[in-house]
Colleague: 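Encoded as structure tokens, here's the structure I'll be asking about.
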Amino acid sequence: MIRRILPLVVGLLWASSAFAADVTLLNVSYDPTRELYADFNKAFVAAYQKETGKSVEIKQSHGGSGSQARSVIDGLQADVVTLALAYDIDAIAAKGLVAPEWQKRLTLNSSPYTSTIVFLVRKGNPKAIKDWDDLIKPGVQVITPNPKTSGGARWNYLAAWGFAEKKFGSADKAKKFVGDLFKNVPVLDTGARGSTVTFVERGVGDVLLAWENEAFLAQREFGKDKFEIVAPPLSILAEPPVSVVDKVADKKGTRAVAEAYLKYWYTKEGQEIAARNSYRPRDSEIAKEYEKSFAKVELFTIDDVFGGWTKAQKEHFGEGGIFDQIYKN
Amino acid sequence: MSTQTTFVTPATRLQAYSSTADLAISPPSGRDASTRARSAVASKDLRSEPGPIRFIIIALAISFLTIFVVLPLLVVFASAFSKGITAYFAALAEPEALSAIRLTLLVAAISVGLNLVFGVIAAWAIAKFEFPGKTFLITLIDLPFSVSPVISGLVFVLLFGAQGYWGTWLQAHNVQILFAVPGIALATIFVTFPFVARSLIPLMQEQGTQEEEAAISLGASGLQTFFRVTLPNIKWGLLYGVLLCNARAMGEFGAVSVVSGHIRGETNTMPLLVEILYNEYQFVASFAIASLLAMLALITLVVKTVLEQRLDEGQTPRDELRDEP
């Protein structure tokens, strides 16, 4: 009996792997983009087939932005990386896998879509959280991942810092503010999705600091009757960048497809897909069309307030940096 | 497992025909005596405890097991079938699920196969020969048990990663080990290595070398001796080791997670896919895969019990020889 069934099962399992495309790309991305790239890849594959007649298959890998960069450095054969922040691609570039001037190769800092940091609160907003300074009130539990491992968490942290520096006017006061905020954080997950799960499913905390797209997704998955999105008046412009991994793409001979793949982001279709998945599109027409989907938030950039990622990373998240000092106390 | 891993003392080693499970407690006499002694000890223990205490102890054990073992298992199956049987099978038929099942089976086959060979060789060396550094070798075999799986994975990153010791050479020769099947198999082999060797060593030590010596003196070649004398003697212990090895190989998460690269539909094993699907709010799919792993655990448990009985019955070498054609 078993002898007759076993080959059948094995055959079935193996048969499904028979499909092979002309070209295969591996896109190594960060945590919350799973749904975005599922959508985008489908559209690109169809468009590319139509234009060139070639079939292409896109493989995805998702994880914390920092650890994904680490994997690429350790030899994960990514043709393109689409990470949460420029610093992580800089780290890959530092090992010679990506050209140093990678961020200039595509327009708008190689960030075809943007996002920002918003608050996800429970229905009715019981703790009345409207702005960043509500987060340091006693008795408010804030959920955010660990800035050491998570790209989203670094944006969260910098957004809070930017707010405080603007409101109180000095870096010292900003440091105190962010310190107070982290005193209200009961648990630090390693990635953005982990924090969302902690807040949404385990019911821990009063407010989740989240990527705007992640907040919308949680609301879509679990219903508007359970969670509300609160957009603070001021937040950070998060620019998740994309790049071809030169060394891998050249070795595999996939550069042309990889470049076409990333450029597809800048088409109307690509921008529309970003907007549909609650990422803010760059294209002004699409942005206008989806205007109502996104709250009006005054956005500052990391270059304005922190002088770029390299500096921010070193000062705030490096060994013994400000985050370490804050979190120890 | 506890009695299986107990090493044989010189005294008990004399009783060639007793089973391994008895070793920890049996006095150096025949098998019947050991069984009698054991049951005497057991019934005395029970009689010496007053009824209520006995009741409390049993109740505690059962409720502990219910909360920590039975309930979680039930939750897995309940969640897997929460949207009906169609959704359950649809989730398992997803290309990503099939790919994960395929990869898990492949990696388990590779690592069980290799560990079977290595395990027998290692156990053979330790049980039948005397050589310097033997204790050290035994400790080495145990190493994967005491190392955290994440570290096991990182070791392979340090060796085979692009920045690792052999990384440059591997890259230059286009050999992909990390973030591909070879890396996953290596990590799995590492964490599952002790199982086969560990279940064989006590058994082989207990059996000694007399039968092999007899076979050889009667003119059998080395291979003949192995397949006709040694293998039949150890077959139940070997199966037991293979079973545990397989269960761990299919269920390994930590080490595999480090070396996998998480390429969807390519390098995700079943345990990894369970986590990914869970984080994507696809609870039915996640628990459907988890239920397969749970079923594997249940089957392993049943087969393990049967094998333990076989081992306990003390398959005497003479019986085994009679089975031979």
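Chain A is the first sequence line, chain B the second, and so forth, proteins listed ahead of strands; every chain is numbered from 1.
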Colleague: So B:Q163 and A:K95, do their side chains get closer than 4.5 Å, heavy atoms only?
Modeller: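 Yes; the side chains approach each other to less than 4.5 Å.
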Colleague: Could you tell me whether a side-chain N or O of A:S61 sits under 3.5 Å from a main-chain N or O of B:G261, the two making a donor and an acceptor?
Modeller: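 Checking the backbone N and O of B:G261 against the side chain of A:S61, a donor-acceptor pair under 3.5 Å is found.
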Colleague: More than 12 heavy atoms of other residues, nucleotides or ligands under 6.0 Å from OH of B:Y165: yes or no?
Modeller: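 No - once you tally the heavy atoms of other residues, nucleotides and ligands closer than 6.0 Å, there are 12 at most.
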Colleague: Highest number of heavy-atom pairs under 4.5 Å with chain A: which of B:A162, B:G167, B:S260?
Modeller: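 If we count pairs closer than 4.5 Å to chain A, B:A162 comes out on top.
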Colleague: Which one of A:L26, A:I73, A:L97 has the most heavy-atom pairs closer than 4.5 Å to chain B?
Modeller: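 Most pairs with chain B among the choices: A:I73.
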Colleague: Where is the tightest heavy-atom contact between A:L217 and B:Y281, given as atom of each residue plus distance?
Modeller: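 Taking every non-hydrogen atom into account, CD2-CE1, 3.8 Å.
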Colleague: Considering non-hydrogen atoms only, spot the tightest contact between B:E280 and A:E35 and give its length.
Modeller: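 Answer, listing the atom of B:E280 first, then A:E35: CG-OE2, 4.2 Å.
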Colleague: What closest approach, in Å, do B:Y278 and A:V197 show between heavy atoms, and which atom pair accounts for it?
Modeller: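 Residues B:Y278 and A:V197, closest heavy atoms: CE2-CG1, 4.0 Å.
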Colleague: Distance check, rounded to the nearest 0.5 Å: A:Q77 atom CD versus B:I263 atom CD1?
Modeller: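 Here the rounded value is 8.5 Å.
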Colleague: Please classify the contact of A:R220 with chain B as side chain, backbone, both or neither, using a heavy-atom distance under 4.5 Å.
Modeller: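 Contact with chain B: none, neither part.
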Colleague: If you draw a 6.0 Å radius around NZ in A:K251, do more than 12 non-hydrogen atoms from other residues or ligands fall strictly inside?
Modeller: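 Enclosed: over 12 neighbouring heavy atoms sit under 6.0 Å from NZ of A:K251.
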Colleague: Any side-chain heavy atom of B:F283 within less than 4.5 Å of one from A:E201?
Modeller: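 Yes, side chains in contact.
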Colleague: So for A:L76, is it side chain, backbone, both, or neither that comes closer than 4.5 Å to the heavy atoms of chain B?
Modeller: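 For A:L76, backbone and side chain are both near chain B.
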Colleague: Less than 4.5 Å apart, any side-chain heavy atom of B:I276 and any of A:R34?
Modeller: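 Yes; the side chains approach each other to less than 4.5 Å.
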Colleague: Could you tell me if the side chain of B:R264 sits less than 4.5 Å from the side chain of A:K59, heavy atoms only?
Modeller: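 No, side chains not in contact.
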Colleague: With a cut-off of 6.0 Å (strictly less than), are more than 12 heavy atoms of other residues, nucleotides or ligands near NZ of A:K148?
Modeller: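 Counting other residues, nucleotides and ligands, NZ of A:K148 exceeds 12 neighbours.
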Colleague: Which atoms of B:N174 come close to chain A, meaning under 4.5 Å heavy atom to heavy atom: side chain ones, backbone ones, both, or neither?
Modeller: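 Just its side chain gets close to chain A.
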Colleague: Is it the case that the side chain of A:R193 and the backbone of B:N279 share a donor-acceptor pair, with hydrogens and angles ignored and the cut-off at 3.5 Å?
Modeller: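 Pair found, side chain donor or acceptor close to backbone of B:N279.
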Colleague: B:I177 versus chain A, heavy atoms under 4.5 Å apart: side chain, backbone, both or neither?
Modeller: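 Answer is neither: B:I177 stays 4.5 Å or more from chain A.
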Colleague: Any chance OH of A:Y87 has more than 12 other-residue heavy atoms, nucleotides or ligands included, within less than 6.0 Å?
Modeller: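 No, because the 6.0 Å sphere around OH of A:Y87 holds 12 heavy atoms or fewer from other groups.
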Colleague: Between A:Q60 and B:G265, is there a donor-acceptor pair closer than 3.5 Å when you use the side chain of the first and the backbone of the second?
Modeller: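 No; judged by distance alone, with no hydrogens or angles, the pair does not exist.
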